[in-house]
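Counting starts at 1 for both ligands and their atoms, in listed order. Owing to the predicted nature of the structure, the values given are computational and were not obtained by experimental measurement.
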Amino acid sequence: MKFGGTSVADLDRIRNVARHVKREVDAGNEVAVVVSAMAGKTNELVRLCREAAPLHDAREYDAIVSSGEQVTSGLLAIVLQSMGIDARSWLGWQIALHTDEAHGSARIQSIECDMLRQRLAAGQVAVVAGFQGLGPNNRVTTLGRGGSDTSAVALAAAIEADRCDIYTDVDGVYTTDPRIVPKATRLDRVSYEEMLELASLGAKVLQVRSVELAMVHSVPVFVRSSFGDPDAQGLSGANLPDGTLICDEEEIVEKQNVTGIAASKDEAQISLRNVPDKPGVAASVFVPLAEAHINVDMIVQTISADGSTADITFTVPATDYDRSLSVLESASADIGFQLLEGAEDVVKISIVGVGMRSHAGVAAEAFRALADKGINIRAITTSEIKISVLIDSAYTELAVRSLHSVYGLDDV
Ligand code: ADP
Ligand code: ASP
Ligand code: MG
């Protein structure tokens, strides 16, 4: 059972979480719980690090920002104990949950779980601090923002749990962010592959790495709400309460052409105008960016009428925008562009669905819908199960709502 920040925002909410845990314990389940920091706590800690020094040691950043989870894991253990439930809190290093040394966005490498398994078998509830691990240098690491989801799925895989329940402030995964589109519909089941795309493309309900891990280790993940009366939600088991099961595609009977729509503001656009159109020019643009570890996403190239020059447009992560411009400026003699332009007020809207593999015309429908609203498309990318378009960010809501209706996803 994993509980996110809003689910453990204060003592009342932690007491409510404890009742969810009690329900499962009373039903005879062995329970490991992963908790996030109280809502807003991690942001506050990140701010403090930046205020202390804009450029700071990543090892100390991790020492600081991991502390929120230490508090909530201890508090939940105390509350459970006060309800007569045997419970113990665990920090990442105590388990130990080993990661690589990429402080701030470390990857889990292995989890020692013999001790946890023994305690679970003896009926003790393990309350694990999410988001943190132990690096090879014997220091605390963190798993990247939203990383408690990943702690939970990794732990579920390690202890071979029947399921990983992600309790949050919405009662499942919706066709799009229900806070942007109130007509969004809750999905009963989503395949790992679709969820991976949705999460990577902006649906921040699950951290991307948690979905990757769930897919690789075949951990069934169930997204559900921690709000409301825990005892009214029914038991976990064959009859699942309201929520969304992330599972194998084969377990999904009814496949829609489009499963969901996501929006990501984390992109910026860069355009190079009048680049000489000759072999090697794309390499001269993208090799220096790759060497600077800048991840390029969408790429569009258009050729001038006389065929002598090309315009190249592409996107980079918004956080790498300034760095990308300076890398390209430095390489300008090699590339030979006439003009370097960029835009940060852009958004990537993506349409995801495994049904696209076997259904023609899904992209055409999107382009028509956006044209009808007068929305200009700056760049397009597609893969087997997704279509992404880059548009002006001012049109985010209009675009998401229109596409949501066009594909028949509105809750009626
Ligand atoms: P937690 O603190 O529990 O980890 P998060 O804020 O990380 O919660 O994730 C839950 C939020 O994800 C919801 O409040 C919702 O606004 C957002 N969200 C974005 N896209 C979706 C989607 N497709 N379905 C459900 N929630 C979504
Ligand atoms: N508390 C961490 C964060 O805010 C981890 C999490 O909530 O999953 O990013
Ligand atoms: Mg989260």
Does the distance from a Lys or Arg side-chain N to an Asp or Glu carboxylate O, for [X] and [Y], drop under 4.0 Å?
X      : Y      : value
Glu212 : Arg209 : no
Arg186 : Asp171 : yes
Glu249 : Arg357 : yes
Asp231 : Arg23  : no
Lys204 : Asp149 : no
Glu101 : Arg139 : no
Arg13  : Asp10  : no
Arg189 : Glu194 : no

Report task. Say whether Pro178 and ligand 1 are in contact under the criterion: heavy-atom distance to a ligand atom below 4.0 Å. Result ->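 Judged by the 4.0 Å heavy-atom criterion, Pro178 does count as contacting ligand 1.
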
**Report entry** Proximity winner for atom 26 (N) of ligand 1, if only heavy atoms of Thr259, Val223, Ile166, Val205 are counted
**Finding:**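 The option holding the nearest heavy atom is Val205.
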
Query raised in the report: Can you tell which of Met38, Arg145, Gln207 gets a heavy atom nearest to atom 3 (C) of ligand 2?
Result: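 Among Met38, Arg145, Gln207, the closest heavy atom to atom 3 (C) of ligand 2 comes from Arg145.
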
Can you list the atoms of ligand 1 that are under 4.0 Å from a heavy atom of [X]?
X      : answer
Lys2   : 4 (O)
Lys204 : 7 (O), 9 (O), 19 (C)
Arg179 : 13 (C), 14 (O), 15 (C), 16 (O)
Asp169 : 10 (C), 11 (C), 13 (C), 14 (O)
Tyr174 : 22 (C), 23 (N), 24 (N), 25 (C)
Ala203 : 20 (N)

**Report entry** Heavy atoms from other residues, nucleotides or ligands near CG of Asp114 exceed 12 (cutoff 6.0 Å)
**Finding:**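 Counting other residues, nucleotides and ligands, CG of Asp114 stays at 12 neighbours or fewer.
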
Query - Heavy atoms from other residues, nucleotides or ligands near CG of Asp162 exceed 12 (cutoff 6.0 Å) - result: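 No - once you tally the heavy atoms of other residues, nucleotides and ligands closer than 6.0 Å, there are 12 at most.
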
Looking only at protein heavy atoms, which one is nearest to [atom], and what is the separation?
atom                    : value
atom 2 (O) of ligand 1  : Gly5 N, 3.1 Å
atom 3 (O) of ligand 1  : Thr168 OG1, 2.7 Å
atom 25 (C) of ligand 1 : Gly172 O, 3.4 Å
atom 15 (C) of ligand 1 : Asp177 OD1, 3.5 Å

Requested in this report: For residues His20 and Tyr167, establish whether the separation of their ring centroids is below 6.0 Å.
Outcome: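 His20 vs Tyr167: aromatic centres under 6.0 Å.
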
Does even one non-hydrogen atom of [X] get within less than 4.0 Å of ligand 2?
X      : value
Lys41  : no
Gly4   : no
Gly146 : yes

Query raised in the report: Where the side chain of Asp100 meets the backbone of Arg107, is there a donor-acceptor pair that is under 3.5 Å apart?
Result: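 Side chain of Asp100 to backbone of Arg107: a pair is present.
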
Report task. Under 4.0 Å from a heavy atom of Glu69: give me the atoms of ligand 2 that qualify, with their elements. Result ->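 Going through ligand 2 atom by atom, the ones under 4.0 Å from Glu69 are 1 (N), 2 (C), 5 (C).
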
Query raised in the report: Counting each atom of ligand 2 from 1 as listed, which ones have a heavy atom of Ser148 under 4.0 Å away?
Result: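 Every atom of ligand 2 under 4.0 Å from some heavy atom of Ser148: 5 (C), 6 (C), 8 (O).
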
Query raised in the report: Taking heavy atoms and a distance under 4.0 Å, where does Ser36 meet ligand 2: side chain, backbone, both or neither?
Result: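 Side chain only.
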
Report task. Verify the distance criterion only: is there a donor paired with an acceptor across the side chains of Thr175 and His404 at less than 3.5 Å? Result ->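 Yes - a donor-acceptor pair under 3.5 Å links their side chains.
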
Query raised in the report: At under 4.0 Å between heavy atoms, which part of Ala262 makes contact with ligand 1: side chain, backbone, both or neither?
Result: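 Within the 4.0 Å criterion, Ala262 makes no contact with ligand 1.
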
Report task. Determine, counting only non-hydrogen atoms of the protein, whether one lies under 4.0 angstrom from atom 18 (N) of ligand 1. Result ->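 Within 4.0 Å: yes, protein heavy atom nearby.
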
Query - Test of proximity, Thr42 against ligand 2: N or O pairs below 3.5 Å - result: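 So ligand 2 has an N or O lying under 3.5 Å from an N or O of Thr42.
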
